[in-house]
> 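Pasting in a structure now, in structure tokens, and then I'll have a few things to ask.
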Protein chains: 6
Amino acid sequence: MNSIMLQEMLRGFFKEDIGERDVTSEVLFQEEEKGTGTFLAKENGVFVGQQVIEEAFGMLDSHAAVTLYKKDGERMEKGEVIGTVEGRMRALLGAERVSLNIIQRLSGIATLTSEAVSTLASDHTKVCDTRKTTPGLRMLEKYAVTCGGGYNHRFGLYDGVMIKDNHIEFAGSITEAVKRVREKIGHMIKIEVETETLAQVQEAVEARADVIMFDNRTPEEIKDYIQHVPKHIITEASGGINLRNIASYRETGVDYISLGFLTHSARALDISFNVGTKGV
Amino acid sequence: MNSIMLQEMLRGFFKEDIGERDVTSEVLFQEEEKGTGTFLAKENGVFVGQQVIEEAFGMLDSHAAVTLYKKDGERMEKGEVIGTVEGRMRALLGAERVSLNIIQRLSGIATLTSEAVSTLASDHTKVCDTRKTTPGLRMLEKYAVTCGGGYNHRFGLYDGVMIKDNHIEFAGSITEAVKRVREKIGHMIKIEVETETLAQVQEAVEARADVIMFDNRTPEEIKDYIQHVPKHIITEASGGINLRNIASYRETGVDYISLGFLTHSARALDISFNVGTKGV
Amino acid sequence: MNSIMLQEMLRGFFKEDIGERDVTSEVLFQEEEKGTGTFLAKENGVFVGQQVIEEAFGMLDSHAAVTLYKKDGERMEKGEVIGTVEGRMRALLGAERVSLNIIQRLSGIATLTSEAVSTLASDHTKVCDTRKTTPGLRMLEKYAVTCGGGYNHRFGLYDGVMIKDNHIEFAGSITEAVKRVREKIGHMIKIEVETETLAQVQEAVEARADVIMFDNRTPEEIKDYIQHVPKHIITEASGGINLRNIASYRETGVDYISLGFLTHSARALDISFNVGTKGV
Amino acid sequence: MNSIMLQEMLRGFFKEDIGERDVTSEVLFQEEEKGTGTFLAKENGVFVGQQVIEEAFGMLDSHAAVTLYKKDGERMEKGEVIGTVEGRMRALLGAERVSLNIIQRLSGIATLTSEAVSTLASDHTKVCDTRKTTPGLRMLEKYAVTCGGGYNHRFGLYDGVMIKDNHIEFAGSITEAVKRVREKIGHMIKIEVETETLAQVQEAVEARADVIMFDNRTPEEIKDYIQHVPKHIITEASGGINLRNIASYRETGVDYISLGFLTHSARALDISFNVGTKGV
Amino acid sequence: MNSIMLQEMLRGFFKEDIGERDVTSEVLFQEEEKGTGTFLAKENGVFVGQQVIEEAFGMLDSHAAVTLYKKDGERMEKGEVIGTVEGRMRALLGAERVSLNIIQRLSGIATLTSEAVSTLASDHTKVCDTRKTTPGLRMLEKYAVTCGGGYNHRFGLYDGVMIKDNHIEFAGSITEAVKRVREKIGHMIKIEVETETLAQVQEAVEARADVIMFDNRTPEEIKDYIQHVPKHIITEASGGINLRNIASYRETGVDYISLGFLTHSARALDISFNVGTKGV
Amino acid sequence: MNSIMLQEMLRGFFKEDIGERDVTSEVLFQEEEKGTGTFLAKENGVFVGQQVIEEAFGMLDSHAAVTLYKKDGERMEKGEVIGTVEGRMRALLGAERVSLNIIQRLSGIATLTSEAVSTLASDHTKVCDTRKTTPGLRMLEKYAVTCGGGYNHRFGLYDGVMIKDNHIEFAGSITEAVKRVREKIGHMIKIEVETETLAQVQEAVEARADVIMFDNRTPEEIKDYIQHVPKHIITEASGGINLRNIASYRETGVDYISLGFLTHSARALDISFNVGTKGV
């Protein structure tokens with residue numbers, strides 16, 4: 001992760017949450033009053049949040065001391081202490097909600113990804129994300145997917161070509177669309193083509209697409225189509241796949257399954273942050 | 001909503017998703033090629049997104065024509081057309097993912113809020129949100145809660161006092177904490193006190209808190225405690241309340257139930273955007 | 001105060017004042033040349049500026065050593081040394097004007113507030129500010145008011161309802177305006193109603209406004225009106241009140257007097273910053 | 001004025017004042033409800049605010065119609081209508097406070113400058129400003145000074161050399177300081193030297209300073225010193241000059257008198273903005 | 001190009017060049033005075049600048065009328081009129097330098113790229129850029145390369161893997177480095193490996209790199225190495241190639257030649273902008 | 001240089017180059033892996049980059065240790081080590097390209113300026129820059145010109161008056177244009193007038209311009225014109241002057257020669273940065 005981007009995000013988030021001042025803590029705590037906060041897992045899952053916690057608390061108290069017992073991607077059990085932060089009380093309470101809102105969400109995404117991977121239970125097929133991320137948080141959410149054992153699809157419209165139905169319609173054919181794109185783009189950009197029918201798959205193969213997506217296809221269709229795709233072309237299944245039906249794609253032989261729900265519908269994992277002034 | 005803040009958000013989101021250029025559409029569509037996109041409800045729910053759609057497409061194509069058949073807060077049924085956008089193809093495809101990512105999330109929050117309200121089914125008790133929102137999206141998400149029939153709790157640490165356990169511990173007592181705060185803050189800020197025991201409730205009442213929160217209390221405890229709170233003090237139940245148990249709070253007489261899951265664990269509502277070049 | 005917002009402000013102010021470079025000091029002082037600057041009170045008043053001085057000089061010289069003999073809100077007498085800064089000459093001269101421009105203004109506001117409070121000389125009635133602050137400096141100026149013994153009214157249009165004549169006119173009546181607002185807003189937001197006549201005061205009382213403002217009323221009118229307002233509703237006098245007539249409001253029993261001039265017409269308090277290279 | 005900078009400032013000011021939403025007007029006014037606001041002079045003075053009013057209201061309502069009867073720098077009498085704005089009610093009330101806060105301040109500065117100029121009543125000597133402006137508003141405040149008949153001193157540390165006592169002390173002498181600066185800076189930058197004694201004035205003349213400042217000198221001293229300064233070198237009086245004593249500098253023959261109070265201690269001029277829904 | 005990013009850049013550039021105000025034109029031209037400016041080619045080359053010119057002048061005068069006779073990538077001959085802008089004089093002179101500084105640079109890059117392509121004179125081998133662009137202008141400069149007939153290499157560290165000598169050294173071998181990267185990155189990212197020796201090329205082939213770069217190799221070495229690279233792996237020559245020796249790479253059969261000088265050492269193409277008030 | 005502006009620039013440049021993450025080094029290097037990078041001159045020239053290198057590497061690794069053997073403006077010979085940076089591998093590789101892109105460009109400008117100065121070989125006439133700088137980099141590029149022995153012309157439209165042909169045409173005459181400007185601007189701003197004919201020069205002299213520019217004049221014309229300009233008025237030659245013909249201006253007696261090519265057509269100086277993990 002780019003720490004400069006993370007710092008900018010956090011500055012924005014703190015302005016959103018703290019505004020001009022924390023009207024409670026600035027009255028009740030003296031500037032220099034210190035305390036300790038403890039991150040605690042309230043349910044099982046995969047932890048994500050090291051860099052966020054370090055940057056967030058350091059931003060409000062440059063002397064805050066962060067100690068973490070979990071690394072990103074490690075499992076945590078309900079009741080486990082994730083880590084502690086020692087620092088000024090105002091900073092601990094000022095950074096609490098923002099840091100929790102982020103790490104609960106990221107840990108939720110990693111945990112859900114991990115579930116998808118273990119439900120799929122495939123040696124070959126990998127799980128990947130989509131662009132269906134929370135606006136403003138893509139860097140963080142895509143990182144969380146990798147912490148859960150998933151892979152990143154393209155980050156945006158800029159780092160990968162995806163030829164969809166309306167592109168094909170406008171260009172006239174898959175063949176023509178791929179040709180036009182290849183004439184213009186550089187050699188570091190991959191070209192993926194969305195397909196629905198076997199004829200489209202075959203056309204995409206002949207057009208030498210780098211990646212072929214089977215859009216909203218059943219496992220059976222994919223098993224069939226994939227026989228017409230040479231090994232060096234990567235295949236991807238997408239659309240309508242969820243935790244309940246992902247196992248049925250295990251035998252399709254597809255290389256990647258992309259799952260929008262990993263990021264657009266993950267629920268926050270329950271993590272608490274308990275702050276006390278005792279013993280510091 | 002502050003349109004200046006919305007525009008800033010959208011500019012950030014478009015930079016995140018489009019980056020330097022849409023590497024597919026800039027090759028395949030001419031600058032001036034036009035098309036029509038249609039927003040379609042893929043499941044039942046409450047729509048939120050008017051201002052987002054208008055600002056987002058207008059930002060990429062100042063001549064884009066947006067027609068919406070739903071207002072924020074209106075119900076939509078699976079299969080219903082929500083609205084259409086006519087404009088340049090590059091702008092339609094460039095704004096598609098960002099606008100969908102936002103309105104699916106906001107509609108998801110409004111729909112979940114609406115479910116909470118109808119499950120609670122109370123004439124008296126209202127549902128409200130928390131600060132457990134997605135960092136960077138608080139303005140939008142809190143707006144979505146109101147579209148679903150819910151109410152907004154404080155927006156941040158700046159617009160309401162919330163005296164929690166560690167504040168009380170440090171000040172010595174609820175009485176002392178409220179007194180100190182009241183001596184310092186202005187008359188437009190309300191003071192809420194978190195309580196767990198009846199003794200704390202009674203102390204908060206005597207300290208003349210504006211709002212008393214029953215933190216992680218059962219419906220029975222709340223029914224009991226609330227008898228010690230005069231009518232002009234607002235009461236709030238918080239902690240551990242979800243769609244499965246919310247109905248059990250119907251008879252407690254509490255004024256507000258705050259629900260973190262409305263924003264931290266809403267899943268995206270399925271809405272599609274189909275773009276075609278035909279007939280334009 | 002939110003230090004992240006203060007730092008952003010200061011960065012903007014330094015870009016405004018220094019531009020691309022300090023064309024004098026970059027020629028005349030070597031990078032590493034050091035000196036000491038002394039803040040001196042040139043007239044009596046209330047000091048405000050701790051955090052500003054620390055952040056400002058630290059921003060241009062991370063090794064600058066700031067020693068302050070006054071805390072925010074303390075009185076200073078003409079001729080007193082407020083504090084010193086040791087650091088690189090370029091940083092001392094680069095931060096001089098920006099820091100003086102801020103602390104002179106803030107100390108001016110605190111001093112004027114303090115005068116208003118002592119002229120009013122009331123055990124009951126408090127002095128508060130308005131939204132008539134310098135654009136871009138509201139956080140700082142409202143903080144300065146509290147340092148002078150005043151209180152903060154709402155910070156903006158977002159953290160308190162204020163129902164004015166044109167709102168009432170459009171809604172039809174105070175009763176209707178308050179009702180509509182209460183149906184929509186959350187429980188942490190207070191509702192204030194501007195009134196001019198006794199009938200309006202009585203209507204606002206019946207509508208259960210949280211705060212009733214007497215707009216441009218004489219002390220006599222207020223004394224009269226206030227008898228119709230129950231104790232638990234806060235009262236505020238506003239409009240046309242200045243240092244010359246504020247004492248006449250002492251016996252009205254009003255809770256708050258809001259004074260726009262505290263922020264819109266405070267003059268800068270005279271504070272100097274003398275920099276020398278000797279003895280360092 | 002640079003309109004791009006003005007727009008950025010206004011965006012910041014609106015975020016400061018409106019925050020996430022205008023919690024009163026968004027409830028009480030429908031999106032499309034229209035009205036008219038009238039700017040009215042409540043006291044005599046010099047108007048400044050054309051561009052601010054146009055940009056500010058246009059930013060919240062792109063269809064707002066602004067009609068102004070005064071140009072920047074024109075006098076207005078108490079009771080005169082300055083102009084009107086027709087537009088959406090929410091925009092009128094949303095832009096009211098920010099626009100008033102700016103134009104009251106700017107008109108206050110222009111009015112004070114105009115008073116200084118007329119009190120000085122000199123055909124030869126001009127009044128100018130300093131860097132003692134409100135942080136973040138320098139562009140606007142320096143513009144207001146020119147509207148009141150004053151002139152702008154340098155805008156910042158970047159567009160003019162000012163050699164002060166500590167520069168001289170460090171360089172060893174005025175001669176040496178001017179020499180070092182002239183060796184380094186380009187030909188478009190003027191060099192001003194602060195002087196206190198006749199010897200310093202003479203040294204500055206021999207060093208061929210472009211501008212010589214008489215720092216905290218009496219009119220008599222200046223009359224004396226100025227005889228040693230050739231006509232092509234510009235002279236400036238600075239320090240301790242106010243409305244009460246400025247006339248005593250009329251006969252000194254000095255070219256410029258710089259006055260910090262024009263910007264650091266101007267009070268806001270009373271201008272009101274009355275909004276009505278009638279007759280629109 | 002992402003117009004939102006272009007607009008942000010231009011706002012920054014105008015703040016840099018205009019600062020608080022154009023001190024000459026704001027005095028000499030009235031607000032509403034209009035004129036016409038004409039872009040003229042002063043030497044032969046490839047034009048780039050459509051979108052820049054339209055956005056830049058529109059930003060300072062929303063009614064400015066831009067008429068261009070050249071499209072991006074078209075050749076212009078010395079003396080040809082490229083286009084005209086009609087608008088307010090202050091806007092024409094305010095946008096002149098910024099727009100010229102950009103389009104001269106971009107046209108210079110496109111012209112140089114075009115020279116490289118025609119000097120290479122290959123049907124097979126393409127010319128591409130590097131990350132050696134001007135900081136802050138990468139989007140524009142990479143676009144200019146495509147206008148000159150070149151191709152874009154990766155845009156940054158985020159959209160393509162490049163395994164260099166120190167990566168290899170640390171991983172232990174090319175094989176190991178590629179393996180580790182492939183285990184972690186998604187399927188839309190290509191992997192390029194820098195090689196210097198035949199052994200390295202062979203190792204990269206076996207590791208199934210997507211792209212193999214011959215770093216600082218002679219045409220003869222490349223001709224030799226390339227025989228060991230299967231057709232589906234893309235090859236790139238890089239390092240020490242310039243206009244004088246590029247033709248010697250014509251027969252190597254390499255797919256791409258990357259040229260840092262296209263962006264780091266292009267000189268500005270001479271284009272003038274002549275503004276007149278006549279005949280408008 | 002204003003370090004706050006430099007830091008902002010660098011943050012923008014790192015976001016441009018690194019994006020969301022360095023996809024290669026984040027896989028291949030552990031967080032804490034350290035290394036050393038060495039800046040090496042690959043050709044002779046003038047070094048510029050101290051502050052850039054320190055700020056850039058410090059931004060990605062606050063513990064990076066920078067040791068430089070060259071100061072800004074010092075000559076470096078091909079093969080000389082300029083300095084080293086010890087720090088985390090990810091930071092070294094992350095800051096490499098951005099820092100090189102800047103210091104190669106700046107050193108290129110300083111080297112070219114130095115060539116211009118030595119080719120001119122005049123004791124009297126100085127070389128200066130123009131506003132033909134790279135948008136976004138003016139502060140850095142103008143600094144580089146001074147490192148090469150040149151001088152800075154005005155930084156933008158805000159810090160110096162330049163009366164050009166279209167200003168003169170609109171005002172009616174040089175006399176009138178200078179008069180109007182002088183009536184409005186302050187005493188710290190210099191007025192330069194562009195002239196082409198002797199008559200214009202004479203008119204500018206009588207109008208008491210501070211600086212007279214001879215626009216696109218031959219050395220002979222300048223020698224002639226300059227005799228009509230009194231010593232205290234600064235003269236400047238501009239237009240069509242390059243390294244091949246600059247020596248012919250040596251005997252003209254002009255004070256400054258402004259050269260656009262110093263910044264718009266400097267090529268990058270070859271400097272390398274070699275990173276190794278050995279011996280750290």
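The basis for the numbers below is simple: all heavy atoms, side chains too, and nothing from hydrogens, waters or symmetry mates. Every value quoted in this text rests on a predicted model; they were computed, and no experiment measured them. Residue numbering restarts at 1 for every chain, and letters A, B, ... go by the order of the sequence lines.
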> May I have the step-by-step check of side-chain contact (heavy atoms from CB on, under 4.5 Å) for E:Val161 and E:Ile185, ending in yes or no?
CA-CA 9 Å; E:Val161 167; E:Ile185 62 159; 4.0 Å; yes

> So how far is it from D:Ile102 CD1 to D:Phe13 CZ, rounded to the nearest 0.5 Å?
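So the gap between those two atoms works out to 5.5 Å.
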
> What do the steps show when you test D:Leu259 against D:Ile241 for side-chain contact (heavy atoms from CB on, under 4.5 Å), and what is the final call?
CA-CA 7 Å; D:Leu259 301 169; D:Ile241 307 176; 3.8 Å; yes

> Checking E:Leu60 against chain D: side chain, backbone, both or neither under 4.5 Å from a heavy atom?
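Contact with chain D: side chain only.
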
> Working note: D:Ile103 + D:Val48, criterion side-chain contact (heavy atoms from CB on, under 4.5 Å); need CA distance, chi angles, decisive distance, verdict.
CA-CA 6 Å; D:Ile103 70 173; D:Val48 183; over 6 Å; no

> Considering distance alone, list the donor-acceptor pairs between chain D and chain E shorter than 3.5 Å.
residue: D:Met1; atom: N; partner: E:Glu26; partner atom: OE1; Å: 2.6
residue: D:Met1; atom: N; partner: E:Glu26; partner atom: OE2; Å: 2.9
residue: D:Asn2; atom: N; partner: E:Glu20; partner atom: O; Å: 3.0
residue: D:Asn2; atom: ND2; partner: E:Gly19; partner atom: O; Å: 2.8
residue: D:Glu8; atom: OE1; partner: E:Lys15; partner atom: NZ; Å: 3.0
residue: D:Glu8; atom: OE2; partner: E:Lys15; partner atom: NZ; Å: 3.1
residue: D:Tyr158; atom: OH; partner: E:Glu20; partner atom: OE1; Å: 3.4
residue: D:Tyr158; atom: OH; partner: E:Glu20; partner atom: OE2; Å: 2.4

> Could you give the distance from CG (E:Leu140) to CD1 (E:Ile109), rounded to the nearest 0.5 Å?
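Separation between the atoms: 9.0 Å.
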
> Enter the distance from D:Ile212:CD1 to D:Ile233:CD1 here, rounded to the nearest 0.5 Å.
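Between D:Ile212 CD1 and D:Ile233 CD1, I get 4.5 Å after rounding to 0.5 Å.
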
